[in-house]
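Can you keep this structure in mind? I'll have questions shortly.
Proteins get letters first, then strands, A, B, ... in listed order; numbering begins at 1 in each. Below, each value reflects all heavy atoms present in this structure, side chains not excepted, and no hydrogens, waters or symmetry copies.
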There are 2 protein chains.
Amino acid sequence: MHNEVMESGGSGEELVVAFEQLVRYVRQVNTAGGLSTAASSALGRLGREGPQRLTELARAEGVSQPAMTQLVTRMERDGLVRRVASTDDRRCVLVESTDSGADLVRRRRSERAEALERLMERLDPKERTAVVIALPALARLVQAEASD
Amino acid sequence: MHNEVMESGGSGEELVVAFEQLVRYVRQVNTAGGLSTAASSALGRLGREGPQRLTELARAEGVSQPAMTQLVTRMERDGLVRRVASTDDRRCVLVESTDSGADLVRRRRSERAEALERLMERLDPKERTAVVIALPALARLVQAEASD
DNA sequence: TATTGTTATACTCTATAACTATA
DNA sequence: TATAGTTATAGAGTATAACAATA
């Protein structure tokens with residue numbers, strides 16, 4: 001990248017190291033709360049987008065079909081989702097969030113939002129503004145990347 | 001958080017969702033290159049900070065001692081690190097990066113830096129500046145959090 | 001007795017290959 | 001034959017508990 005911003009201060013490598021530290025931290029905080037990253041992500045998607053076929057969910061989450069079968073099995077065992085047989089195509093399985101699963105996602109998300117907000121109180125206003133702009137921008141980028 | 005920035009546009013919850021998407025994406029890209037997140041992080045640390053005792057490395061990486069024993073065993077098997085017996089305290093094991101391990105970290109880091117730079121070319125200048133400010137600021141926060 | 005590291009065991013998450021049931 | 005999902009198997013990564021060796 002050839003612009004003043006990248007050349008002064010924030011090299012790609014420095015940003016990558018920063019990013020790696022962030023990811024590491026988030027993973028640790030994430031796993032602490034009793035819901036794994038994989039479960040949290042899949043359950044969040046089911047909450048946002050409604051019931052989905054297992055294959056569709058696997059593709060959306062970027063994992064293999066067997067991996068999703070097993071994740072759904074664990075989440076079903078824990079009462080977070082249920083499998084619903086499709087009436088028209090009997091090969092298909094619809095996965096839907098239970099009330100308890102949806103509650104758990106909501107609770108965790110608000111806990112984490114609070115934790116992030118507490119963290120961000122330690123930033124100065126300029127940095128805070130930067131975070132509010134940067135995170136959605138980056139998320140938009142990777143979303144575009146994922147659908148390539 | 002009670003300020004204009006958080007109230008207008010970037011709620012904590014939206015930012016958390018954005019963050020989760022980023023983490024998910026980075027993990028996938030990360031794992032693709034043949035070096036796991038755990039190995040990459042530990043190896044990067046050994047490169048930056050030099051040889052360390054196994055317990056120290058485990059604490060720094062935020063994992064248990066047995067987890068680090070096993071990670072080091074796998075990395076040693078793959079020729080990325082070596083165990084060096086300590087002469088003064090014979091209970092201790094020093095873990096150090098091999099040349100091949102250090103090379104791999106350097107190569108991967110520059111690949112990822114390039115990937116990030118290519119991604120960031122799609123942002124407008126304002127967003128790009130925001131990312132360059134936000135990532136190091138957040139990394140600094142979680143580093144402070146980790147040492148609490 | 002305390003510390004360092006390993007081994008034993010168990011769980012989550014992931015993949016590929018082989019399989020079953022339905023279309 | 002093709003598609004949806006499961007089962008079988010293997011490996012990484014994690015944890016706690018029990019252990020060995022050294023201090």
(Q) Looking at C:dT12, I'd like to know if its phosphate oxygens (OP1 or OP2) sit under 4.0 Å from a side-chain N or O belonging to A:Arg77. (A)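 True: A:Arg77 side-chain N/O within range (under 4.0 Å) of C:dT12 OP1/OP2.
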Answer with base, sugar-phosphate or nothing: what part of the nucleic acid does B:Thr55 contact at a heavy-atom distance below 4.0 Å?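 Sugar-phosphate, no base atom in range.
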Any A:Arg83 side-chain nitrogen or oxygen under 4.0 Å from OP1 or OP2 of D:dT6 =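 Indeed, a polar side-chain atom of A:Arg83 lies that close.
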- Task: Could you tell me the separation between the CZ atom of A:Arg53 and the C1' atom of C:dT22, rounded to a whole number of Å?
- Result: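 Taking atom C1' of C:dT22 as the reference, CZ of A:Arg53 is at 13 Å.
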Legend entry - Options D:dG5, C:dT4, C:dT14, nucleotide nearest the side-chain atoms of A:Leu54: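 The nucleotide sitting nearest to the side chain is D:dG5.
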A:Ser40 side chain to A:Arg109 side chain, donor-acceptor N/O pair below 3.5 angstrom =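 No, A:Arg109 and A:Ser40 have no side-chain donor paired with an acceptor closer than 3.5 Å.
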Taken to the nearest whole Å, CG/A:Leu71 to C1'/C:dT14 is 11 Å
request  = Please determine if a side-chain N or O atom of B:Ser64 lies less than 4.0 Å away from the OP1 or OP2 oxygen of D:dT14.
outcome  = no
Nearest-Å distance, CD (A:Glu56) to P (D:dG5)?
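Answer to the nearest Å: 9 Å.
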ask   = Taking side chain as C-beta onward, heavy atoms only, is A:Leu35 less than 4.5 Å from A:Leu43?
value =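 The answer is yes; the side chains approach within 4.5 Å.
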- Task: May I have the distance from A:Leu35 (atom CG) to C:dC11 (atom C1'), rounded to whole angstrom?
- Result: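 Taking atom C1' of C:dC11 as the reference, CG of A:Leu35 is at 15 Å.
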Check your understanding: Do B:Arg91 side-chain and C:dT3 base share a donor-acceptor contact under 3.5 Å?
Key -> yes
*Pairwise 5' ranking along DNA chain C for A:Ala39 and A:Arg90, keeping only the more 5' one*: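 The residue mapped nearer the 5' terminus is A:Ala39.
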Looking for any heavy atom pair under 4.0 Å, which part of the strands does A:Asp88 touch: base, sugar-phosphate only, or nothing?
-> sugar-phosphate
Between B:Asp89 (CG) and C:dT4 (C1'), how many Å, whole number?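 Going from CG in B:Asp89 over to C1' in C:dT4 covers 8 Å.
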(request) Starting from C1' on C:dC11, measure out to CE on A:Met75 and report it in whole angstrom. (result)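 Taking CE of A:Met75 and C1' of C:dC11, I get 16 Å after rounding.
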| said: Go through it in stages, so that I can follow the logic: the residues are A:Glu56 and A:Arg45, the test is salt bridge (charged side-chain N to carboxylate O under 4.0 Å, His left out), and I'd like the CA-CA distance, side-chain angles, deciding distance and then a yes or no. | reply: CA-CA 11 Å; A:Glu56 198 179 346; A:Arg45 184 179 300 274; over 6 Å; no
| said: Under the criterion side chain to side chain contact (heavy atoms under 4.5 Å, CB included), I'd like the reasoning laid out for A:Val132 against A:Met120: C-alpha separation, chi angles, the key distance, then a yes or no. | reply: CA-CA 10 Å; A:Val132 171; A:Met120 284 180 62; 4.2 Å; yes
B:Met68 has an atom CE; how far is it from atom P of C:dT6, in whole Å?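 It is 11 Å, rounded to the nearest whole Å.
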### Query
Counting side-chain heavy atoms from C-beta on, which of D:dA15, C:dT14, D:dT6 comes nearest to A:Gln65?
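Nearest nucleotide to the side chain: D:dT6.
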Closest to the side chain of B:Cys92, out of D:dA8, C:dT6, C:dT4, is C:dT4
Write down the distance between CD (A:Gln70) and P (D:dG11), rounded to a whole number of angstrom.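 Value for this atom pair: 15 Å.
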Side-chain atoms of A:Val93 come closest, of D:dG5, C:dG5, D:dT14, to D:dG5
* To do: Take A:Ser97 and A:Arg82 through the test side-chain hydrogen bond (donor to acceptor under 3.5 Å, both in side chains) and record every step on the way to the result.
  => CA-CA 6 Å; A:Ser97 183; A:Arg82 75 174 70 83; over 6 Å; no
